[in-house]
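Notes follow once the structure below has been shown.
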Amino acid sequence: MAMETSFALILPVAFLAGKVSPALRNVVAVLAAAVSVLLVAVLYGQNLKLDYYALPFLGVELAMRTDALAWFFAIAVAAIGLLSIVFSLRYMQGRERLDFYYFAMLVVNAAMLGIVFSADLLSLFVFWEVMSWSTYLLISYRGGKAVAAGLKYMVMSIAGSCAMLLAIASLYATCGTLDLHGVAQGIAKASPGYSLFILLMFVLGFGIKNAIVPLHVWLPDAHSEAVSPFSAVLSSVLVRMGVYGLMLVMYGVLGEAGLARLKLGPVTFRHVLCWVAGVTILVPLLIAMLQDDAKRVVAWSSVGHGGYMLLGIAFGTALGVAGGLFHTLNYAVCVALLFLAVGAVEHRTGTRDLNELGGLMKRMPVTFVTALIAVCGLIGVPLTNGFVSKWFIYKTLITEGYPFLALVALIGTWATVLYGYKLIHNAFLGQLPSGYREVREVPFSMQLPMILLSLAVILFGVLPGIAVRAIGSAQASLGLKALESGLWALPPAVGELNTINILSGVIASLALVYVAFALATKARRVDQSDSYGAGSYVPMDRYQYSVNFYQRAHELIGPYVRDRVDEFYRWLVGKAEGFFEQARKMYSGNVNTYAAYIVIFLALLIILKLGGQI
Amino acid sequence: MVSPSLLVAIPLASAFAAPLVGLGSKKLAKCIPPLALAANLVIGLLLLPRVLEKAIVVSIGGFPPPFCINLMVGPLGLSLAILISLVGLLISIYATGYIKTEPTEKYHALFLLLATGALGIVLTGDIFNLFVFFEILCVASYGLTAYEKDRAGTEAAMKYLIQGTVGSTFILVAIGFLYGLFGTLNMADIATKVPSAEPLHLFLILAFFVVGFGVEAAIFPLNAWLPDAHSSAPSSVSAILSAIAIKTGVYAIARITYTLMNAQGFLIFISLIGIITLVVGEIAAYRQKDDIKRMLAYSSIGQIGLIVFAIGIGTSLGVFGALFQLVNHALAKCLLFLAAGYMIYRAGSKKLSDMQGLARRMPLTAVAFTVAAFSLVGLPPFAGFMSKLSIVSAALKTGRSAYVAFAAIALAATVVEGGYFFRVVQGLYFRGGSKGESVGPTKAKEAPAAALIPILVLAALVIAIGVYPQLVTNVLDHAAKELLDRGAYITNVLEAL
């Protein structure tokens with residue numbers, strides 16, 4: 001465990017190595033990421049605690065710990081961090097300031113590992129902040145529109161962090177310690193109102209990171225404007241640090257008993273959170289459908305699926321929490337894959353505007369297949385990982401008797417199908433514009449992460465028990481009821497799902513179909529441009545079916561699913577800047593006024609004393 | 001055994017030596033401030049272990065207190081003296097290359113007088129002596145503000161002069177009142193006699209003192225001189241003013257409130273004023289896009305507001321947080337002004353839009369600027385985080401809802417602070433065209449060595465204190481306890497000799 005903490009020292013080495021030679025720096029970066037994966041893997045199943053730093057003036061000891069929940073998130077962070085860095089090797093070649101880029105990627109990686117391994121709230125906060133500012137620098141790294149996106153992200157992140165700091169300092173004042181167990185015990189003795197205040201502050205902080213509506217406005221800009229490997233890391237694991245934090249605070253600190261106390265009549269805090277999650281699923285996923293920029297589609301999908309995770313976690317049943325956590329992992333894999341695939345397309349074609357792309361299936365087959373698998377995972381096609389986690393969530397919502405939430409979850413999937421198809425169709429299917437006829441597949445070092453991730457999608461879909469067992473231990477470590485599961489089957493008591501049965505069913509039907517086609521007459525191959533034009537000539541390039549895809553949807557629902565929250569924030573910032581300008585004018589420049597301020601202030605003090613007896 | 005009076009005597013003597021040496025050789029004259037302040041730093045560090053155990057009292061003239069003017073060198077005084085010497089040393093190294101307008105030896109003389117004034121304020125035990133050193137500090141800073149002899153500097157210095165004089169007059173009135181009431185000017189002696197006076201008289205004196213020193217301490221609404229003065233002065237002067245001069249005003253207010261008057265009921269009002277200063281300062285700083293030094297000046301106002309808020313918390317952790325924030329702000333703000341000095345010089349303009357992309361040509365300066373900016377916003381692992389954490393914890397520990405509300409407002413102001421600092425950092429690094437385009441005048445290159453050394457040393461200190469706060473927390477803890485412990489102060493002074 002001590003190795004974990006000391007490996008962070010290697011980070012500046014990557015930066016300096018870059019000054020020596022770019023190849024050396026790349027090797028160092030990949031090695032550092034790989035070593036972190038190995039170190040995390042070694043910690044599987046262990047429960048350790050390590051005090052690493054003491055702050056005598058505050059009387060706190062900073063400590064790190066590993067348990068099942070921490071390990072679950074850590075392995076995802078480390079693995080996806082490694083894959084992004086491998087992808088960056090060729091993707092980022094030729095850009096400037098690469099030393100800084102690799103340094104920052106490693107810092108973000110290390111900070112996230114620090115967050116999940118923290119045993120006390122102060123460590124959590126320190127690593128959270130380090131992650132925030134390095135993310136901000138890395139988002140802005142691209143220049144251009146990314147700079148404004150980075151600023152928006154950072155200001156919102158700081159706001160969330162200040163809320164968290166208030167809560168942490170308050171817990172320190174009340175409980176005398178910042179250790180998670182100590183805080184849990186201390187808060188059990190406090191009033192429900194105080195618990196609600198603390199929980200709200202943390203929900204604010206973690207919710208801004210996880211992009212819950214209405215705190216999500218930074219995400220679409222930031223994720224679409226950052227460079228693709230980093231967008232992959234951002235969307236898959238960085239925002240899910242919010243999920244980790246919420247699990248920690250809701251179940252680790254407050255506990256189920258503490259949460260049950262927070263209610264107003266029949267409406268508990270859990271209900272409110274579930275409905276917030278529902279809104280987060282509904283509106284962003286519909287907005288995703290209407291986007292033209294491939295990365296914005298995926299970014300809005302990130303917002304929406306965060307709602308699924310929150311829904312599962314807030315719902316509280318064993319199946320629900322497991323579904324929420326499993327969806328975190330599954331979605332992480334799928335969205336990282338999607339961002340890498342979109343990045344690959346952008347790398348070769350130079351654009352990510354869905355109105356201009358098309359037909360890349362023939363030129364970039366590997367990218368197409370992996371992107372297709374990712375979209376299937378997102379939708380929840382059986383045999384993919386997304387199916388299992390979404391199935392958990394639907395099942396628990398329906399059996400517990402929450403039809404409206406179940407309907408919202410299902411509408412979310414419907415919207416996912418629509419935007420997933422738009423992504424695949426506009427980029428890969430349809431006609432290949434003449435400008436892209438020479439596009440080649442991306443190099444192997446960029447294909448490798450995509451292939452590995454798509455394998456993971458299928459693996460967790462067919463053998464979900466691998467992950468669900470780990471999630472079960474995580475639930476147990478927080479004192480929740482754990483979900484029992486076999487390697488591919490869930491017992492009927494908790495839900496009844498058997499993926500191997502599904503797999504055999506699919507294979508059997510595919511076999512039948514294959515036999516049927518083999519026995520039938522040969523199909524006649526027709527060229528794509530051999531189309532019916534009713535006698536007139538069909539010009540190839542001007543008939544791009546992907547332009548203005550879903551035009552009817554734009555007309556129907558566009559006016560209703562605008563991002564009103566973003567507009568509200570812009571209005572708020574404008575008003576605030578106006579107020580700031582007025583406030584600044586107190587310093588008018590006239591020294592007589594200034595001298596008068598001094599004398600008036602003194603007079604005010606004396607009058608207040610004489611009159612009010614301060 | 002070194003006498004602590006050297007801490008004041010050396011800079012004072014060097015201030016007179018500088019023009020004399022300058023008559024012979026200008027180059028030698030600019031080496032005198034660094035040498036003097038380095039000697040001060042060494043003496044201060046040598047005295048520190050002794051002082052942490054028991055304060056040293058030095059009686060000037062051989063008379064026993066309370067009949068003499070005495071220096072009271074306790075942990076608080078000495079730690080601030082060490083800070084002043086360190087910051088002054090680094091700025092004077094910077095100034096050897098930066099100050100080019102003639103007459104440079106007079107600049108160095110004024111600079112040393114400013115340092116003398118500051119050192120005298122924190123080390124003295126006599127209230128009128130405090131006023132004398134305060135005036136030395138103020139007059140030196142009026143002169144230094146006008147040093148560039150341009151329109152903006154002269155106007156700023158005049159405004160500063162007028163407001164500073166109003167403040168000094170109020171201080172003098174208060175001292176007169178004090179002397180009339182108690183017949184003594186020795187701070188420990190006054191402290192013993194204070195309980196016997198009428199509360200209304202004491203409040204009047206306190207009000208005059210707070211407003212008088214508050215002008216220099218830059219609390220709202222007395223701080224209108226600060227943006228003009230700190231932005232129009234040469235950068236090394238802005239650095240010393242922001243880092244040291246305004247802190248002495250805060251020190252004076254703290255000393256008078258806690259040690260002299262023991263005004264516990266007044267503390268919440270001090271916190272309120274601090275929070276208002278913080279909010280107004282950060283709000284105004286956010287609007288400054290045309291002048292980076294004005295932005296930094298308003299930011300200083302904001303941070304002083306935070307320090308004053310923490311002073312008003314009244315507990316040991318609160319005062320410790322205030323002192324820690326004071327140290328961190330001094331280091332970070334000094335670094336920011338020093339870096340900004342060369343950034344403005346190389347970019348040819350003070351506007352933020354003209355400094356975009358400057359990090360390509362001035363990488364080290366830009367990194368140092370970023371480190372200081374992050375430290376002030378309060379991001380770990382830099383120094384500012386630890387002090388902000390201490391202040392917020394102290395405020396929440398008091399359990400009073402007013403302080404909880406103030407802490408929440410302080411954190412909200414941090415968001416605004418983040419807004420403008422991050423804007424600048426982004427502009428330095430990520431805006432401003434690709435490597436082919438030239439940004440600003442083509443002569444932009446890294447700052448010279450004489451400037452880079454202090455900048456990098458300060459950046460290293462900010463990072464070191466952030467990662468390992470134990471470097472300073474022990475001393476500051478003792479200092480905080482000294483401020484709160486009136487009885488010990490009185491006995492230390494009156495039983496000496």
Side-chain angles (χ1 to χ4, degrees), chain A residues 54-58 96-97 100 122 125-127 129-130 132-133 136-137 140-144 146-147 150-151 154-155 157-159 161-163 165-166 168-170 172-174 576-577 579-581 583-584 586-589 591-595 597-602 605-606 609-610 614, chain B residues 158-159 162-163 166-167 170 200 203-204 207-208 210-211 214-215 221-222 224-225 227 265-266 269 280 283-284 286-287 320 374 377 379-381 385-386 388-390 392-393 395-397 399 404 407-408 411-412 414-416 418-419 422-423 426 429-431 434-435 469-470 473-474 476-477:
Chain A
L55 281 180
F57 64 92
L58 278 180
E96 53 165 0
R97 277 210 267 259
F100 162 73
L122 188 57
F125 187 77
V126 167
F127 286 116
E129 287 292 271
V130 174
S132 294
W133 62 253
Y136 148 72
L137 288 176
S140 315
Y141 163 82
R142 205 163 177 232
V147 178
L151 191 63
M154 194 55 183
V155 173
S157 183
I158 290 273
S161 305
C162 287
L165 186 61
L166 198 62
I168 290 176
S170 174
Y172 174 65
T174 315
E577 290 199 343
F579 168 67
F580 291 177
E581 183 64 28
R584 183 192 72 75
M586 270 189 289
Y587 297 110
S588 58
V591 71
N592 308 0
T593 321
Y594 296 160
Y597 283 162
I598 303 176
V599 177
I600 291 176
F601 183 61
L602 180 63
L605 274 183
I606 298 177
K609 174 69 171 177
L610 291 177
I614 309 176
Chain B
M158 273 308 292
K159 289 184 180 170
I162 292 176
Q163 293 171 64
V166 175
F170 286 157
L200 183 63
F203 181 80
L204 276 177
F208 271 92
V210 166
V211 174
V215 173
L222 316 167
W225 58 271
F266 195 62
F269 182 75
V280 172
I283 286 178
Y286 186 83
R287 295 295 304 165
F320 165 79
F374 282 4
V377 175
L379 297 176
F385 167 67
M386 289 292 168
K388 266 211 171 113
L389 178 66
S390 311
V392 175
S393 304
L396 289 173
K397 248 188 166 168
V404 175
L411 288 174
T414 308
V415 180
V416 178
F422 297 139
R423 218 168 40 192
Q426 276 189 323
Y429 279 102
F430 301 118
R431 286 193 203 264
S434 55
K435 25 186 187 173
Q470 280 81 308
T473 50
N474 190 23
L476 292 177
D477 209 24

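In what follows, chains carry the letters A, B, and so on, assigned in the order in which the sequence lines appear, proteins first and then strands, with residues in each chain numbered from 1.
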Pairs of heavy atoms under 4.5 Å with chain B: top-ranked of A/W133, A/F127, A/Y141: A/W133

If only side-chain N and O atoms count, and only distance matters, is there a donor-acceptor pair under 3.5 Å linking A/Y597 with B/Q163? no

Kindly indicate, with the supporting measurements, whether the criterion side-chain contact (heavy atoms from CB on, under 4.5 Å) is fulfilled by B/L200 and A/L610. CA-CA 8 Å; B/L200 183 63; A/L610 291 177; 3.7 Å; yes

Answer yes or no: is there a side-chain heavy-atom contact under 4.5 Å between B/M158 and A/V591? no

Counting only non-hydrogen atoms closer than 4.5 Å, does A/A159 touch chain B with its backbone (N, CA, C, O), its side chain (CB onward), both, or neither? both

Does the A/R97 side chain pair with the main chain of B/Y429, one donor and one acceptor, at a distance under 3.5 Å? yes

Measuring heavy-atom distances to chain B, does A/Y136 have an atom under 4.5 Å in its side chain, in its backbone, in both, or in neither? side chain

Options B/L222, B/V166, B/L204, ranked by heavy-atom pairs under 4.5 Å with chain A, top entry: B/L222

Name the member of A/L122, A/V155, A/L166 that forms the most heavy-atom pairs with chain B at distances under 4.5 Å. A/L166

Who passes salt bridge (Lys or Arg N to Asp or Glu O under 4.0 Å) against A/R142, sequence neighbours left out? A/E225, A/E346

Taking B/A412, B/A224, B/A284 one by one, which has the highest count of heavy-atom pairs under 4.5 Å against chain A? B/A224

Of B/M386, B/K159, B/R423, the largest count of non-hydrogen pairs under 4.5 angstrom with chain A goes to B/K159

Please look at B/F422 and chain A and tell me whether the side chain, the backbone, both or neither of the residue comes under 4.5 angstrom of a heavy atom of that chain. both

Shortest non-hydrogen contact from A/S140 toward B/Q426: OG-NE2, 2.9 Å

Close side-chain approach of B/T473 to A/L55, heavy-atom, < 4.5 Å: no

Which residues share a side-chain contact (heavy atoms from CB on, under 4.5 Å) with A/S161, sequence neighbours left out: A/F125, A/W128, A/E129, A/S157

Given the rule in the side-chain contact (heavy atoms from CB on, under 4.5 Å) test, do A/V599 and B/F170 qualify, once you have shown the distances and angles that lead to the verdict? CA-CA 9 Å; A/V599 177; B/F170 286 157; 4.1 Å; yes

Where A/A169 and B/V392 come nearest, the two heavy atoms and their spacing: CB-CG1, 3.6 Å

Test side-chain contact (heavy atoms from CB on, under 4.5 Å) on B/L396 and A/Y172 and set out the steps. CA-CA 9 Å; B/L396 289 173; A/Y172 174 65; over 6 Å; no

Which atoms of A/Y587 approach chain B - backbone, side chain, both or neither, heavy atom under 4.5 Å: side chain

Please classify the contact of B/F320 with chain A as side chain, backbone, both or neither, using a heavy-atom distance under 4.5 Å. side chain

Check the angle between the aromatic planes of B/F269 and A/F601 and answer parallel, tilted or perpendicular using the 30° and 60° thresholds. parallel

Pick whichever of B/P381, B/G214, B/G399, B/P380 has the most heavy-atom pairs under 4.5 Å with chain A. B/P380

Which heavy atom of B/F203 sits nearest to which heavy atom of A/L605, and what is that distance? CE2-O, 3.6 Å

Grab the two heavy atoms, one from B/I283 and one from A/A583, that are nearest each other, plus how far apart they are. CG2-CB, 3.9 Å

Taking atom NZ of B/K388 and atom SG of A/C162, what is their separation to the nearest 0.5 Å? 7.5 Å

Just so I understand: if I count every heavy-atom pair under 4.5 Å between each of A/A576, A/A146, A/G589, A/S588 and chain B, which residue has the most? A/G589

Minimal heavy-atom distance between A/L151 and B/G419, with the atoms involved, is CD1-O, 4.0 Å

Chain B contact via A/I168 - side chain, backbone, both or neither, heavy atoms under 4.5 Å: neither

Is there a side-chain contact (heavy atoms from CB on, under 4.5 Å) between B/V280 and A/R584 once you walk through the steps? CA-CA 8 Å; B/V280 172; A/R584 183 192 72 75; over 6 Å; no

